[in-house]
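Report on the following structure.
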Amino acid sequence: MSRRGFLAGGAAVLAAGLAACGRTSPVSSSGGSTGSGARGTLSIGAIPDQDPEVLQRLYGTVADSMSAALDLDVVYRPVTDYGAAVSLFRTGDLDLVWFGGLTGVQARLQTPGAEPIAQRDIDADFHSVFVVNTATGLAPADDLTPLAQLRFTYGSETSTSGRLMPAWFLQQQGIDPQGFPGGPGFSGSHDATLALVASGTYQAGVLNEQVWTSRTADGSVDPAVVEYARTPAYHDYHWLLSPQAVERLGGEDLAGRLTDWFTGLPADDEVLTLFGAGSFVETEADNYTQIEEIGRQLGLVS
């Protein structure tokens, strides 16, 4: 299939269908309350899609900047895995979480009244990147069928860009997304995917476009790993606000205050730089309807 055919076909189907951090303790799905219920404290979290050091710097900066701007105590609480982020949001241990498209849908379905408040400009036009080890001899192409014969790893099992959407695009080309030799791997994060493909543990894998672009730019991608194909666009990451936080922290204007803060960040702000974005923009639940539909088709949303 030509690149134009792959992109147009995928798009057509889609159209149809860290100072604060240092004072906190990691949150785990087996742990008890984190103490986020104290009035005046906003606990933020994120799916652990990159190396912990990267996440600590990123969300610690968000916590410090937001705290100063909104006159709130804001703390970043790391989580152990994607499922923990969803669970702790549901229980009220996390108030504001940076979710991927799929985990955001899961969290909203489990937490009635949860509200998407902002996404990056790049999240309305997001992509996944299939990568291969150079030992495969594969040259860049839009035909995904050669991947079916390779040892292949996704990222987290509930990652939008590292599993859900790549699996769907594979399926659109007649490939069983679970049918790789020995079954697919699940690395747990985009950085881990790169490391596993570089080592040859897996011959191919898939990760989110932003991490691939960032790691390529800073020279940290092993030369043994090369881009094979890029998917059509879809909506992805966004901030989701818990209804418990709205009730506890001062009423209905909290969502508006947070949205205004995110969307009002100047272009040279460190938060935007760390997020790899030009700006944050408003978003709404309807933007993730197709993510939910595909999640149901693939058995990742019930």
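Residue indices begin at 1 and follow the sequence shown.
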In this structure, are over 12 heavy atoms from other groups packed under 6.0 Å from Gln110 atom CD? yes
Heavy-atom side-chain contact between Pro177 and Trp168 under 4.5 Å: no
Joint hydrophobic cluster, Leu254 plus Trp261, side-chain heavy atoms closer than 4.5 Å: yes
Salt bridge (charged side-chain N to carboxylate O under 4.0 Å, His left out): which pairs involve residues 104-116, sequence neighbours left out? none
Mind listing the closest non-hydrogen atom pair of Pro116 and Ala285 along with its distance? CG-N, 3.8 Å
Stepwise, does the side-chain contact (heavy atoms from CB on, under 4.5 Å) test hold for Phe180 with Leu170? CA-CA 11 Å; Phe180 297 99; Leu170 285 164; 3.8 Å; yes
Quick check for you: to the nearest 0.5 Å, what is the distance between Thr263 atom OG1 and Asp121 atom CG? 12.0 Å
So, the side chain of Asp81 versus the backbone of Ala84: is there a donor-acceptor pair under 3.5 Å, distance only? yes
Checking Asp222, Asp51, Asp191 against Arg215 for salt bridge (charged side-chain N to carboxylate O under 4.0 Å, His left out), the one that qualifies is Asp191
Does the side-chain contact (heavy atoms from CB on, under 4.5 Å) test come out yes or no for Asp123 and Thr283, once each step is laid out? CA-CA 10 Å; Asp123 288 307; Thr283 190; over 6 Å; no
Taking the side chain as C-beta and beyond, is there a heavy-atom pair between Thr80 and Pro48 under 4.5 Å? no
Are the side chains of Thr193 and Tyr202 in touch, meaning some heavy atoms are under 4.5 Å apart? no
Do Phe99 and Leu298 sit in one hydrophobic cluster, given that two such residues count as connected whenever their side-chain heavy atoms are within less than 4.5 Å of each other, even indirectly? yes
Side chains of Leu258 and Met66: does their closest heavy-atom pair fall under 4.5 Å? yes
Shortest non-hydrogen contact from Thr134 toward Pro223: CG2-O, 3.7 Å
Mind telling me whether Trp98 and Trp239 have parallel, tilted or perpendicular rings, with 30° and 60° as the class edges? tilted
Under 4.5 Å between side-chain heavy atoms, hopping through other hydrophobics if needed: is there a path connecting Trp212 to Val197? yes
Got a donor-acceptor contact below 3.5 angstrom from the Gln203 side chain to the Arg151 backbone? yes
I need the minimum non-hydrogen distance between Ile122 and Gly276, along with the two atoms involved. CD1-O, 3.6 Å
Cation over ring face, Arg120 and Tyr237, 6.0 Å, 45°: yes
Look at the rings of His238 and Tyr288 and say which category their plane angle falls in: under 30° parallel, 30 to 60° tilted, over 60° perpendicular. parallel
Quick check against the 3.5 Å criterion: does Thr259 have a side-chain atom that pairs as donor or acceptor with the backbone of Ile117? yes
Can you tell me how far CD1 of Ile291 sits from CD of Gln106, rounded to the nearest 0.5 angstrom? 11.0 Å
Thr61 (side chain) donor-acceptor with Val271 (main chain) under 3.5 angstrom: no
Could you tell me if the side chain of Leu138 sits less than 4.5 Å from the side chain of Leu150, heavy atoms only? yes
Asp71 atom CG: more than 12 heavy-atom contacts under 6.0 Å: no
Considering only heavy atoms from C-beta outward, does the side chain of Phe169 approach that of Ser128 to under 4.5 Å? no
Candidate pair Val79 and Leu94, rule side-chain contact (heavy atoms from CB on, under 4.5 Å), full reasoning: CA-CA 10 Å; Val79 300; Leu94 291 174; 3.8 Å; yes
Say you draw a straight line from CD of Gln119 to CG of Leu240; how long is it, rounded to the nearest 0.5 Å? 12.5 Å
Going from NE2 on His190 to OG on Ser214, what distance comes out if it is rounded to the nearest 0.5 angstrom? 12.0 Å
Kindly work out whether a path of hydrophobic side-chain contacts (I/L/V/M/F/W/Y, heavy atoms less than 4.5 Å apart) joins Leu147 to Val225. no
Can you find a pair of side-chain heavy atoms, one from Leu109 and one from Glu292, that are under 4.5 Å apart? yes
Do you know the tightest heavy-atom contact between Val132 and Ala204? CG1-CB, 3.9 Å
Under 3.5 Å: donor-acceptor pair, side chain of Ser67, backbone of Asp64: no
Checking salt bridge (charged side-chain N to carboxylate O under 4.0 Å, His left out) for the pair Arg248/Asp95: CA distance, chi angles, key distance, verdict? CA-CA 10 Å; Arg248 193 183 75 249; Asp95 298 316; 2.9 Å; yes
How long is the straight-line distance from CG of Leu88 back to OG of Ser242, given to the nearest 0.5 Å? 11.5 Å
Working to the nearest 0.5 Å, report the span between CG of Asp142 and OG1 of Thr231. 10.5 Å
Distance-only, no hydrogens or angles: does the Thr213 side chain make a donor-acceptor pair with backbone N or O of Gln210 under 3.5 Å? no
Grab the two heavy atoms, one from Tyr154 and one from Ala167, that are nearest each other, plus how far apart they are. OH-CB, 3.9 Å
Are Thr103 and Phe89 close enough that some pair of their side-chain heavy atoms sits under 4.5 Å apart? no
Dump the intermediate steps for side-chain contact (heavy atoms from CB on, under 4.5 Å) on Phe262 and Phe275, then the final yes or no. CA-CA 12 Å; Phe262 279 115; Phe275 268 92; 5.8 Å; no
Are the side chain of Arg296 and the backbone N or O of Ser302 linked by a donor-acceptor pair below 3.5 Å? yes
Same apolar cluster: Leu207 and Leu164, side chain cutoff 4.5 Å: no
Shortest non-hydrogen contact from Pro243 toward Thr111: CD-CG2, 3.7 Å
If only atom types and distance count, is the side chain of Glu157 paired as donor or acceptor with the main-chain N or O of Leu300 below 3.5 Å? no
Can you tell me if CD on Glu282 sees more than 12 non-hydrogen neighbours from other groups inside 6.0 Å? no
